[in-house]
Amino acid sequence: MTDSEVAVGVTHVADDTMKMTGCGSCGMYMILEGAPGKSFVCMECRLIELMEEKIRGLEMQVESLVEFRKGFEQIMEQRHEVSEGKSSDLQMEAGLGNSEGRLGEESGQWKHVTKRTRQRKRRASEGEIELQNRFAELENEEGAQQVVTEGDRARKKRRAVSPIGKGEELMEITPNMSPRRIQDGLKRITRENGNGKNLQPEGTGDRLENSTVTRKRQVYVIGDSLLRRIDRPVTRADPENRRVCCLPGAKIRDVDLRLKRILKGAGKNPLIILHVGTNDTARFSLESIKGDYVRLGRTLKEIEAQVIFSGILPVPREGQQRCDKIMTINRWLRQWCYKEGFGMYGHWEAFMDRGQFSRDGLHLSREGNRLLGWRLAQLIKRALN
C-alpha cells in the first residue's frame with residue numbers, strides 16, 4: 001500500500017468524525033468533532049442568555065426597590081402631616097394664652113415703655129431680694145435637735161413601708177439602692193436570723209425574674225459539603241449568633257427533614273441561607289428537583305424567618321450537559337423564589353475559573369472556599385442591615 005493511499009484513507013476518517021453543525025439560536029455554523037445534540041447552542045449564545053437572565057433579575061430588584069421607596073415616602077408624608085397639625089395646634093393655644101395674659105395684666109390699656117423705665121424697674125426688683133442663711137438653725141442646739149428628729153421620722157416611715165416585720169430594724173432600704181443589692185442584703189439577713197421569712201421587697205423579685213437579656217438575630221448557613229471551611233469568614237463578625245451547618249452529601253430532601261431540628265432555639269425571625277441542590281442534579285430529573293424545592297419552601301413558611309437560597313455552582317468534571325441542567329434549575333429557582341417571597345443569590349459568573357475547584361472537579365479549592373465564604377458574609381451583612 002502506497003503513501004498516497006494511506007493519506008486518502010486518513011482524510012476519509014477525519015471527514016467522518018468532523019461534522020458541520022448549526023447553532024439553534026443564532027444559526028451560525030461550526031465544525032465539531034462527533035455528533036452533537038439536536039438542540040446545540042454555541043458558547044456566545046449561552047453567554048447572552050446568562051446576561052439576559054442577570055438583567056431580568058436586576059429589573060425585578062429595581063421594581064421591588066421602587067415599590068419600597070414609594071411606600072416609605074407615603075409613610076413619611078403622613079407622619080409629616082400629623083406633626084405639622086400638632087405644631088399648629090400648639091402655636092394657636094400658646095398665642096391665645098399670651099394674648100389673654102397681656103389683656104389681664106394691662107386691663108386693655110396702652111402703656112408707653114422706654115428703655116430707662118425698664119432699667120429702673122429691674123433695679124428696684126433687685127433691691128427687694130432678701131438675703132438669709134439657710135443653715136442658721138444649725139448654729140444652736142435646738143435647731144440641730146429639730147433636724148435630727150425630722151431625719152428619724154423619715155427613716156421610720158421608710159421602715160414602715162418596707163416588708164420587714166414590725167419592730168424589726170434589720171435593714172434600711174434607700175431609694176438609691178439597686179435591686180440586686182437589696183436582694184443580697186435580704187438574703188444575708190435571712191441567713192443571720194434563721195427564720196426563713198421572705199424579706200424581699202414587693203416587686204423586686206418579679207422585676208429580677210422578668211428581666212431578660214436582649215438576644216441578637218441568629219444567622220444559619222445550611223447546605224451540603226460545598227460549605228466546608230467557610231465558617232471562619234462567615235462567623236468572624238459575630239461568632240455567638242452565626243452558625244454554619246455543613247451536611248456532606250446532603251440533598252434537598254435531607255435538609256427538609258433536618259431543618260426544624262437544626263433551627264431549634266433559633267429565636268425570633270432568624271436569617272436562613274440555604275446552599276443545596278448540587279447532589280440532586282446528578283441523580284434526579286428536573287421535575288423531581290423542583291418538587292423537592294417546593295416541599296422545602298412549605299417547611300420554611302411554617303418557620304417565621306428570612307430565607308435566602310444560594311444558587312447551585314457549576315460542576316466542571318461533568319461536562320456541558322450537567323452545566324446546562326444546573327443553569328436551567330438556577331433560572332427556575334430565581335423565578336420561584338421571587339414568587340414565594342424568598343431571596344435568591346447566584347454565584348455562577350464568580351465561579352467560572354477552573355482553579356477555584358479541587359482536582360475532583362466537584363468540591364471547591366481553598367481559593368474557592370475563601371471566595372464563597374466572603375460572598376456569603378457580604379450577603380449576611382446586607383440582609384441584616
Side-chain angles (χ1 to χ4, degrees), residues 47-93 214-223 234 237-238 241-243 252 259 263 266-277 290 293-313 327-351 371-385:
L47 292 176
I48 292 172
E49 289 179 1
L50 286 175
M51 292 297 295
E52 291 177 352
E53 180 185 355
K54 192 168 184 180
I55 290 170
R56 285 194 295 269
L58 292 173
E59 287 176 354
M60 288 189 292
Q61 292 179 3
V62 170
E63 290 177 1
S64 61
L65 289 173
V66 170
E67 293 177 358
F68 175 79
R69 184 175 181 179
K70 288 180 180 179
F72 181 77
E73 289 177 353
Q74 291 178 359
I75 293 172
M76 294 303 295
E77 287 178 0
Q78 292 176 0
R79 290 185 178 179
H80 186 63
E81 290 175 359
V82 172
S83 62
E84 284 183 353
K86 290 182 179 180
S87 62
S88 60
D89 294 339
L90 293 173
Q91 289 177 0
M92 290 176 64
E93 293 178 359
T214 57
R215 188 181 182 184
K216 290 185 179 180
R217 193 176 176 190
Q218 302 293 300
V219 179
Y220 286 84
V221 181
I222 306 170
V234 170
D238 192 0
N241 299 300
R242 296 187 184 184
R243 302 287 185 272
I252 302 173
L259 187 62
L263 298 177
K268 186 178 179 182
N269 191 23
L271 174 61
I272 304 172
I273 298 176
L274 296 171
H275 185 90
V276 66
K290 292 178 183 179
Y293 272 119
V294 172
R295 283 188 288 271
L296 179 59
R298 292 173 187 167
T299 305
L300 289 168
K301 286 189 176 181
E302 296 177 0
I303 305 168
E304 295 182 359
Q306 181 183 0
V307 181
I308 300 176
F309 281 88
S310 178
I312 304 175
L313 301 181
M327 288 172 61
T328 305
I329 294 172
N330 284 336
R331 192 181 300 112
W332 173 87
L333 183 62
R334 183 180 296 277
Q335 297 174 358
W336 176 75
C337 289
Y338 182 76
K339 180 181 176 181
E340 297 294 330
F342 301 139
M344 199 278 181
Y345 188 61
H347 310 276
W348 191 271
E349 294 83 359
F351 287 88
L371 178 59
L372 182 61
W374 178 81
R375 289 177 65 86
L376 293 178
Q378 295 298 316
L379 174 63
I380 293 169
K381 183 179 179 181
R382 290 197 298 269
L384 294 178
N385 294 334

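What's counted below: heavy atoms across the whole structure, side chains too, no hydrogens, waters or symmetry copies.
In this structure, the side chains of M51 and L47 stay at 4.5 Å or more apart for every pair of heavy atoms. Side chains of L371 and H347 form no contact here, defined as non-hydrogen atoms less than 4.5 Å apart. Contact of the I273 side chain with the Y345 side chain is not registered, since no non-hydrogen atoms from C-beta on lie closer than 4.5 Å. When side chains are defined from C-beta on, E52 counts as touching I48, because their heavy atoms get closer than 4.5 Å.
Counting only distance, with no hydrogens or angles, the side chain of R242 and the backbone of A237 share no donor-acceptor pair below 3.5 Å. For the pair Q218 (side chain) and K216 (backbone), a donor-acceptor distance under 3.5 Å is present.
To the nearest 0.5 angstrom, D238 atom CG is 12.5 Å from R217 atom CZ. The NZ atom of K290 sits 12.0 Å away from the CD1 atom of I252 when rounded to the nearest 0.5 Å. A distance of 6.5 Å separates CG in L274 from CG in L259, rounded to the nearest 0.5 Å. Separation of atoms CD (E302) and CD (E304) is listed at 11.5 Å; rounding is to 0.5 Å. Between the CG atom in N330 and the CE atom in M344 there is a gap of 4.5 Å [rounded to 0.5 Å]. Atom CG of L263 sits about 5.0 Å away from atom CD1 of I303, to the nearest 0.5 Å.
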When the side chains of residues 62-72 are checked against the rest of the protein, which donor-acceptor pairs come out under 3.5 Å, sequence neighbours left out?
residue	atom	partner	partner atom	Å
S64	OG	M60	O	3.4
S64	OG	Q61	O	2.6
R69	NE	E73	OE2	3.3

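Residues G277 and Y293 share a closest heavy-atom pair of CA-OH, 3.9 Å. Summarising the geometry of G343 relative to C337, their closest heavy-atom pair is O-SG, 3.9 Å, with the distance given to 0.1 Å. Nearest heavy atoms, H275 versus G311: CE1-O, 3.2 Å. A305 and P270 make their closest contact through CB-O, 3.3 Å (heavy atoms, listed as atom of the first residue, atom of the second, distance).
No more than 12 heavy-atom neighbours from other residues, nucleotides or ligands sit within 6.0 angstrom of CZ on R79.
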Pair M327-E53, side-chain contact (heavy atoms from CB on, under 4.5 Å): steps then yes or no: CA-CA 10 Å; M327 288 172 61; E53 180 185 355; 5.6 Å; no
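Sorted by first and then second residue, the side-chain hydrogen bond (donor to acceptor under 3.5 Å, both in side chains) pairs involving residues 331-344 (not counting sequence neighbours) are K301-E340.
Residues passing the side-chain contact (heavy atoms from CB on, under 4.5 Å) test with A383, sequence neighbours excluded: L271, Q306, I308.
Ring-plane geometry between F309 and F342 is classed as tilted, the angle between the planes lying from 30 to 60 degrees on a 0 to 90 degree scale.
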